[in-house]
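Here's the structure, in C-alpha cells; my notes come after.
Computed from a prediction, not measured in an experiment: that's the story for all the values here. Every chain is numbered from 1 and lettered A, B, ... according to where its sequence line falls, protein lines coming before strand lines. No hydrogens, no waters, no symmetry mates; every other heavy atom, side chains included, goes into these values.
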Number of protein chains: 2
Amino acid sequence: MSIDAWDEIRTAYHVARLGTVSGAAEVLGVHHATVIRHIDALEKRLGTKLFQRHARGYTATEAGQDLMQVAQATDDQFTQLASRLKGRGDSVTGELVVTSIESLSPLLSPVLAEFQMANPGVTVRFVTGDRVFRLEYGEAHVAIRAGTAPNEPDNVVQRYATVQIALYASRKYLGDRVLPIPEDELPNEKFMGYENMDSRAPFYRWMEDKVPRHNIVMRGSDGRSLKHAIRAGIGLGFMQTWEASQYEDLVQVVEPKPEWAAPLWLVTHVDLHRTAKVQAILAHLKAAADSWTLV
Amino acid sequence: MSIDAWDEIRTAYHVARLGTVSGAAEVLGVHHATVIRHIDALEKRLGTKLFQRHARGYTATEAGQDLMQVAQATDDQFTQLASRLKGRGDSVTGELVVTSIESLSPLLSPVLAEFQMANPGVTVRFVTGDRVFRLEYGEAHVAIRAGTAPNEPDNVVQRYATVQIALYASRKYLGDRVLPIPEDELPNEKFMGYENMDSRAPFYRWMEDKVPRHNIVMRGSDGRSLKHAIRAGIGLGFMQTWEASQYEDLVQVVEPKPEWAAPLWLVTHVDLHRTAKVQAILAHLKAAADSWTLV
DNA sequence: ACAATTCTGTTCATGAGTGCACATCACAAA
DNA sequence: TTTGTGATGTGCACTCATGAACAGAATTGT
C-alpha cells in the first residue's frame, strides 16, 4: 500500500525542517492554516503523531524525524531530476532514433555518422525496415519519408530534398548498344523491380504500365540486391542518380524524369519537435542536403 | 530550486508506469481529466516533454523514463516509511525518555531497568536535572513530577503514588537519646536542608518555620550528599520513608506527617499519550507502584 | 466493412481545499 | 506588570482544482 499524498509529506518535511508551521507556510507559499491541515491529515492517514505541538512551534517526534530524513532524500532526488531534465532539454545527449525506408540508408548513413561525430554525447540509432515506424509511439525521433506528403496528425512535416530517379544498366548488359535507346523500344528490354507489387512509386507505375510482364525478369525485396542484379547485367533497373553515379560500370539509359522524382519529407512528432536534440539533427540533415547535387 | 509539486510527479509516475492516462486515473482514484492536467502542468513546469501523446495512450520520453525511475524509488521509500511508522505506533521500540526530579531517581531507576528488560527493543533514557524538562518540546515522553498538580495545557496528568516524608537521623548522631524527641524540643537539634531556599516543598517550609537559622548546619544541592551527611551523623534531615528504610543505621525521629507527603504525578504530552510505547511505560509504572509500601 | 471499445481532450458546474480574519497562547522585553 | 511579538488554532467566504459529460479518433472484434 503506497502513500497517495506526496504533497502532504512535502509539507511535513518543511515543518520538520524549520520547526514552525508559519515558517514552513512561508517557504511553501501557502497559508499556515493549510500547513496545519496537511499535518493533521497526514498524521491521521499514517496513524502516528509526527509532531508535538506547542506555542513555540512544532518539534518532530521520532516518526517525524524519520519522515524528514526520507523526505530530505526525496527532495534531493527531485531537485537533481529537475536540473537533469532541464539540461537534457537544452543539450543534445542521449539516444537519437532516426528511421527511414531502407533504400535511403546509403544516403543517410554517412550524414548520421557525421552528426554523431559532431555531437559525441549522442547515440544515434538508425532504424530501417519495411514496416513504418510510428513516431507517435516513441519509436523514433525523426523519420525521413518518401513519396506523397504524410499527413498524420500530431506530426510536423517539413519538405526535404528530392531524389532523382533514372533507369540504369551495366555496361555488361548494354554491350556495344548505342545510347540513348529510343523510348518506344524500351519495353523490349529486360527489367527489374521490387518484390511488393503494391509499391505506389511513380516510376514503378510507369514500368508496370509500359513494360510487359514477361520482360520483368527479376524482383527483389531490397534495394541492395536489385543494385547487384543491375551491375551483374541482368537488365535495366531504377536507381537513384546519386547512388548510381558512384559506380563506374553503370550507365544511365534514360534520364531522370520529373514525374519519377521522389520527394523526401522530414517528419517529427510535435512533442519532440522543439527539443534541442531534434532541432540539431534537423539542421544537420538540411545542411547536408544543401551540399548534395541530386539534380 | 526544488520542485513543489510532488503529487504531480506521482501522477506522472503512474502514467509512465501504466502507459495510459485512463489507467493511471483509475489507480489514482481521480478523473482522467485531472491526470491530463497534472501532466501538462508538470511538463510546463519542467520545460520538457515527458510523454508523447497518441490515441493508444502516453509513452514516456527519455525524460519521462528518467522521472519514472526516480519516482519509483520515491514510492518505494514512502511505502517503507509508512509501514515503518505504522509498526512504530503499535510496538514499543526506539527511544523512551523519562524525566523526573533527581530525588526520585533511586525509586524509579530499578523500575525503568525492569521495563527495559521486559521490552528489549526499547532504549530507556532517564534524565534528571534541576531544570524542568518540557514535554511539549519533545524533551521527554513521560515526566514524573512531584508536588502540586501540574496543569500545563496539552499535557495529560495522572495521579500517581504518594511519597511519605519523615525526619531521620543516624544512630551515631542520636547516641543513647530516648525517642521520640518531644516536638517542642526539635528546634534545638541540628538540621540539614537543600541548597536552594525557594523549595516550596511543605516539609521544608515547616523546617524554615520552626528551626532557627543557626541550627541548619548544612545545605546540599542534591539528595545523595544530604543522605550521606545524615548517615555521617551531622544532624536531622528529611528523607523519603522507603529510601530511609533501606539503611539500618537511620532512625526515624519524627513520623511522617500527612502535610509533608508529596504526591507524584505522571505527565505525558497529549500527542504522545496514546502511543503504545507511552501506554506501556505508564502501565509498568503503575504496576510497580502497586507493589510499593509507601504508607 | 462496420460496430464496439478504448483511449485522449475539452467544456462547464460543483465541491473540497485554500486564504483570510480573528482568537488564543507563550515568551521576552520594557 | 504590561506590552509586544510571533506562534498555533478555528470559523467563514471564496477560488481553484476536480469531476461529469461529451466529442473525436484510433484500434479491435465481428
Side-chain angles (χ1 to χ4, degrees), chain A residues 4-8 10-12 14-45 49-60 64 131-132 134-139 150-155 269-271, chain B residues 4-8 10-12 14-45 49-60 64 131-132 134-139 150-155 269-271:
Chain A
D4 52 342
W6 291 18
D7 272 339
E8 291 177 357
R10 189 178 118 92
T11 302
H14 280 107
V15 172
R17 192 169 60 89
L18 300 170
T20 66
V21 169
S22 312
E26 189 175 3
V27 170
L28 292 168
V30 297
H31 202 266
H32 74 269
T34 303
V35 174
I36 292 179
R37 285 186 281 250
H38 277 188
I39 301 299
D40 290 344
L42 190 57
E43 285 185 341
K44 193 172 182 180
R45 187 189 304 267
K49 289 288 180 194
L50 296 170
F51 298 95
Q52 296 190 51
R53 298 134 169 81
H54 54 266
R56 291 298 301 275
Y58 277 32
T59 61
R131 89 177 173 91
V132 178
R134 309 201 58 169
L135 296 179
E136 50 268 31
Y137 292 177
E139 292 182 316
N151 69 337
E152 312 166 57
D154 297 336
N155 284 1
H269 195 275
V270 69
D271 287 344
Chain B
D4 52 342
W6 290 18
D7 271 340
E8 291 177 357
R10 189 179 118 92
T11 302
H14 279 108
V15 172
R17 191 169 61 88
L18 299 171
T20 66
V21 169
S22 313
E26 189 175 3
V27 170
L28 293 168
V30 298
H31 202 268
H32 74 270
T34 303
V35 175
I36 292 179
R37 282 186 285 250
H38 277 189
I39 300 299
D40 289 345
L42 189 58
E43 285 184 341
K44 193 172 183 180
R45 186 187 306 266
K49 288 286 179 198
L50 296 171
F51 299 94
Q52 296 190 50
R53 296 133 168 81
H54 53 266
R56 290 295 301 275
Y58 278 32
T59 61
R131 90 177 172 89
V132 177
R134 309 202 55 169
L135 296 180
E136 49 269 32
Y137 291 178
E139 292 183 315
N151 69 336
E152 312 168 59
D154 296 337
N155 284 2
H269 194 276
V270 68
D271 287 344

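- R37(B) contributes atom CZ, which lies 9.5 Å from atom CG of D40(B) (distance to the nearest 0.5 angstrom).
- The shortest distance between side-chain heavy atoms of L50(A) and L42(A) falls below 4.5 Å.
- When DNA chain D is scanned in the 5' to 3' direction for atoms under 4.0 Å from non-hydrogen atoms of chain B, the outermost contacting nucleotides are dT18(D) to dT28(D).
- Pairing each heavy atom of D271(A) with each of R53(B), the nearest pair is OD2-N, 3.0 Å.
- Interatomic distance, Y58(A) OH to L18(A) CG, rounded to the nearest 0.5 Å: 14.0 Å.
- Atom NE2 of H38(A) is separated from atom CD of E43(A) by 13.5 Å, given to the nearest 0.5 angstrom.
- The footprint of chain B on DNA chain C, defined by a heavy-atom cutoff below 4.0 Å, extends from dC7(C) to dC27(C).
- Here the straight-line distance linking atom CD of E139(B) with atom OG1 of T59(A) works out to 9.0 Å at 0.5 Å rounding.
- Among the heavy atoms of the strands lying under 4.0 Å from T20(B) are primed sugar atoms or P, OP1, OP2 only; no base atom is included.
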Q: Any chance you could lay out the side-chain contact (heavy atoms from CB on, under 4.5 Å) test for V35(A) and V30(A), step after step, and finish with the verdict?
A: CA-CA 7 Å; V35(A) 174; V30(A) 297; 3.9 Å; yes
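- Just one residue in the list T20(A), I39(A), I36(A), L28(A) forms a side chain to side chain contact (heavy atoms under 4.5 Å, CB included) with V15(A), and that residue is I39(A).
- In this structure, NE2 on H269(A) lies 9.5 Å from NZ on K49(B), to the nearest 0.5 angstrom.
- Nearest approach of R17(A) to V27(A), heavy atoms of both residues: NH2-CG1, 4.2 Å.
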Q) Between R45(B) and D4(B), does a salt bridge (Lys or Arg N to Asp or Glu O under 4.0 Å) hold up when you go through it step by step? A) CA-CA 10 Å; R45(B) 186 187 306 266; D4(B) 52 342; 3.0 Å; yes
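- Each of G57(B) and A55(A) was matched to the nucleotide of DNA chain C holding its nearest heavy atom; the match closer to the 5' end belongs to G57(B).
- Two residues, R53(B) and T34(A), neighbour DNA chain C, and the one matched to the more 5' nucleotide by heavy-atom proximity is R53(B).
- Place R56(A) and R56(B) on DNA chain D by their nearest nucleotides, and R56(A) ends up nearer the 5' end.
- For the helix from dA1(C)-dT30(D) to dA30(C)-dT1(D), the end axes, each set by the C1' atoms of five terminal pairs, are bent relative to each other by 30° (nearest 10°).
- Nucleic acid contact class of H54(A) (heavy atoms, under 4.0 Å, all strands): sugar-phosphate only.
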